[in-house]
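Throughout, protein chains are lettered first and strands after them, A, B, ... in sequence-line order, and every chain is numbered starting at 1. Side chains are part of it too, since the values below use all heavy atoms of this structure and drop only hydrogens, waters and symmetry mates.
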Protein chains: 2
Amino acid sequence: MARTREFNEDAVLRAAMHVFRRDGYDGASVRALEAATGLKSGSIYNSYGDKQGLFDAAIDHYGRAVLQARVDRHAPPEAGLDGLRALFVSVLHERDGETLGCLVTNTAVETGGGQAPHAAVPAAFALLETLFEERLRREAERGRLAGHVEPALAATRLLALYQGVLVLVRARQDRGALARMLEREFDDLKAPL
Amino acid sequence: MARTREFNEDAVLRAAMHVFRRDGYDGASVRALEAATGLKSGSIYNSYGDKQGLFDAAIDHYGRAVLQARVDRHAPPEAGLDGLRALFVSVLHERDGETLGCLVTNTAVETGGGQAPHAAVPAAFALLETLFEERLRREAERGRLAGHVEPALAATRLLALYQGVLVLVRARQDRGALARMLEREFDDLKAPL
DNA sequence: CTCATTCTTGATTGCTCATTCTAGAATGTA
DNA sequence: TACATTCTAGAATGAGCAATCAAGAATGAG
């Protein structure tokens, strides 16, 4: 019947996501999105409706292909506290010179002033907080968690700490100091041997 | 010789700061700044050179009139850990419905992608981290700090936690849970009685 | 009181933006 | 091959933006 869509959707979303992480929603011009994705504006509007539609698809892609993938890779259920630590440390490793931070964190801050936050933001926060709490409870059951740690409160604290690290990374704060801080943080969560 | 400037600079900067906190640098239009400050665009350009000049003045004002004032009020040197706790809790109390967050945090995230961060950002981070470390050392000398706490690492952790709380507040995360988390955090820093 | 100086005002300028639209190219089916 | 359909291309549109400018109002030193 008709001509088939030519572009690779994953590659397009990955490229768009990159631009939105770097420049923010407002700062990302459709021309920059064209250049990054290889699509012409006509195709972008044809495929995603408008710039917001492309952003929605990109932040959804971020949740699945970056955030969830990072969790699965570094912090699967059996990896315990070391897995959580690896998850935190992984956000310190961005490609050279890049300070993209996290699309969710950046979006929370950029669009937090007036309107309600983008739905992906509380969703991602809940995903992380639930993950932290579940892993902490699991460790507690196995006697690997320091006695004074209460999983629900510690999960909220880890969520805030995670967002804070992403702010500091975005502003080029010294990553070595952040890495040492995280090492200590997770040592303190562990039950003494 | 000549006519004197008529407007109250503090009031102008306070109003401009409010707009920049709410809408970000890009999101704040000169028209919105006119409406908030009561100045006409000609006066803004005459007084501050350009929008960036007004922003520079506003973030400087923020550092002195909001951040430093908040520190002096809640966490003077003799106030110890309870002072630091009060400082953290104070960022949870914004006027009704407002989710302005912190101009420094918001700026760090908004302008962190490509160019170097605004000079006020690392300056404010250093101010806070130094403050935290100094207060922790002071408490340690008085035997009021839990034994396992290392002031330099804990100061970095508190800086990240502070930024993270400001991200979560900006995205309307539940403030009660954040308050409980902070209570516990500072309890854990205290030496057991 | 005078007038040089500086401030205020608001229309204007030129630019960039998101979005639309038209024309044409590519595709798969029949 | 011919056609119906969908994609691509890029010029065009209109709105909103930061910044400029010219004209007039206010000021205070002399």
Side-chain angles (χ1 to χ4, degrees), chain A residues 1-61 103 106-107 110-111 113-115 118, chain B residues 1-61 103 106-107 110-111 113-115 118:
Chain A
M1 303 265 284
R3 185 175 173 182
T4 52
R5 191 172 281 184
E6 287 181 1
F7 62 84
N8 174 327
E9 177 142 41
D10 264 16
V12 164
L13 292 181
R14 202 174 328 122
M17 184 184 78
H18 188 276
V19 175
F20 283 126
R21 282 175 78 183
R22 190 187 57 209
D23 299 337
Y25 178 78
D26 262 338
S29 71
V30 172
R31 296 184 64 167
L33 292 165
E34 285 186 86
T37 60
L39 263 52
K40 298 292 176 176
S41 69
S43 298
I44 290 177
Y45 284 91
N46 187 53
S47 301
Y48 298 99
D50 56 13
K51 181 181 166 183
Q52 184 67 52
L54 176 58
F55 180 84
D56 292 346
I59 199 170
D60 186 65
H61 182 80
L103 185 55
N106 299 356
T107 301
E110 180 178 1
T111 67
Q115 66 273 32
H118 193 285
Chain B
M1 301 268 284
R3 184 176 177 180
T4 52
R5 191 172 282 183
E6 286 180 4
F7 62 83
N8 175 328
E9 177 143 40
D10 263 16
V12 164
L13 291 181
R14 203 174 329 120
M17 185 182 78
H18 188 279
V19 175
F20 283 127
R21 282 174 79 181
R22 190 188 56 211
D23 299 336
Y25 178 80
D26 262 338
S29 71
V30 172
R31 296 185 64 165
L33 291 165
E34 285 186 86
T37 60
L39 264 51
K40 300 292 178 175
S41 69
S43 298
I44 291 178
Y45 284 93
N46 187 53
S47 302
Y48 298 99
D50 57 12
K51 182 180 166 183
Q52 183 67 52
L54 176 57
F55 181 84
D56 292 345
I59 198 169
D60 186 63
H61 183 80
L103 185 54
N106 298 357
T107 302
E110 180 178 1
T111 65
Q115 68 274 35
H118 193 286

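The OG1 atom of Thr107(B) lies 10.5 Å from the CZ atom of Arg21(B); values are rounded to the nearest 0.5 Å. Rounded to the nearest 0.5 angstrom, Met17(B) CE and Ile59(B) CD1 are separated by 11.0 Å.
dT8(C) atom P lies 11 Å from atom OH of Tyr48(B), rounded to whole Å. A straight line from CG of Asn46(A) to C1' of dT8(D) spans 9 Å, rounded to a whole angstrom. The CD atom of Gln52(B) sits 12 Å away from the C1' atom of dA18(D) (whole-angstrom rounding). The separation between Ile44(B) atom CD1 and dT20(D) atom C1' is 14 Å, rounded to whole Å. Separating the CZ atom of Phe55(A) from the P atom of dT19(C) is a distance of 14 Å, rounded to the nearest angstrom.
Relative to the six-membered ring of Tyr25(A), Lys51(A) meets both conditions, a distance below 6.0 Å and an angle of at most 45° to the axis.
Shortest non-hydrogen contact noted between Ser43(B) and Leu39(B) is CB-CG, 4.0 Å. Scanning both residues, His118(A) and Phe55(A), for their nearest heavy atoms gives CD2-CE2, 3.8 Å. Across Glu110(B) and Asp26(B), no two heavy atoms sit closer than the pair OE2-N, 3.0 Å. For the pair Ala15(A) and Ala36(A), the tightest heavy-atom approach, listed with the atom from each and the gap, is CB-O, 3.3 Å. Heavy atoms only, all atoms of each residue included: Ala57(B) and Leu13(B) are closest at CB-CD2, 3.7 Å. Here the shortest heavy-atom pairing between Val30(B) and Ser41(B) reads CG1-CB, 4.0 Å.
Formation of a donor-acceptor pair under 3.5 Å by the Glu34(A) side chain with backbone atoms of Ile44(A) is not found in this model.
Side-chain contact check for Phe20(B) versus Leu54(B): some heavy-atom pair is nearer than 4.5 Å.
DNA chain C is contacted by both Arg31(A) and Gly49(A); Arg31(A) maps to the nucleotide lying nearer its 5′ end (nearest heavy atom per residue).
Distance from the side chain of Lys51(B) is smallest to dA18(D) among dA18(D), dA18(C), dT8(D). Here the side chain of Tyr45(B) is nearest to one of dA19(D), dT19(C), dT8(D), namely dA19(D).
The stretch residues 33-43 of chain A comes close to DNA chain D through Lys40(A), Gly42(A), Ser43(A), each having a heavy atom under 4.0 Å from the strand. The stretch residues 20-30 of chain B has no heavy atom under 4.0 Å from DNA chain C, so no residue of it qualifies as close.
Remark: DNA chain D takes part in the stems C:1-30 with D:1-30, each of 3 or more antiparallel Watson-Crick or G-U pairs, criterion distances under 3.5 Å.
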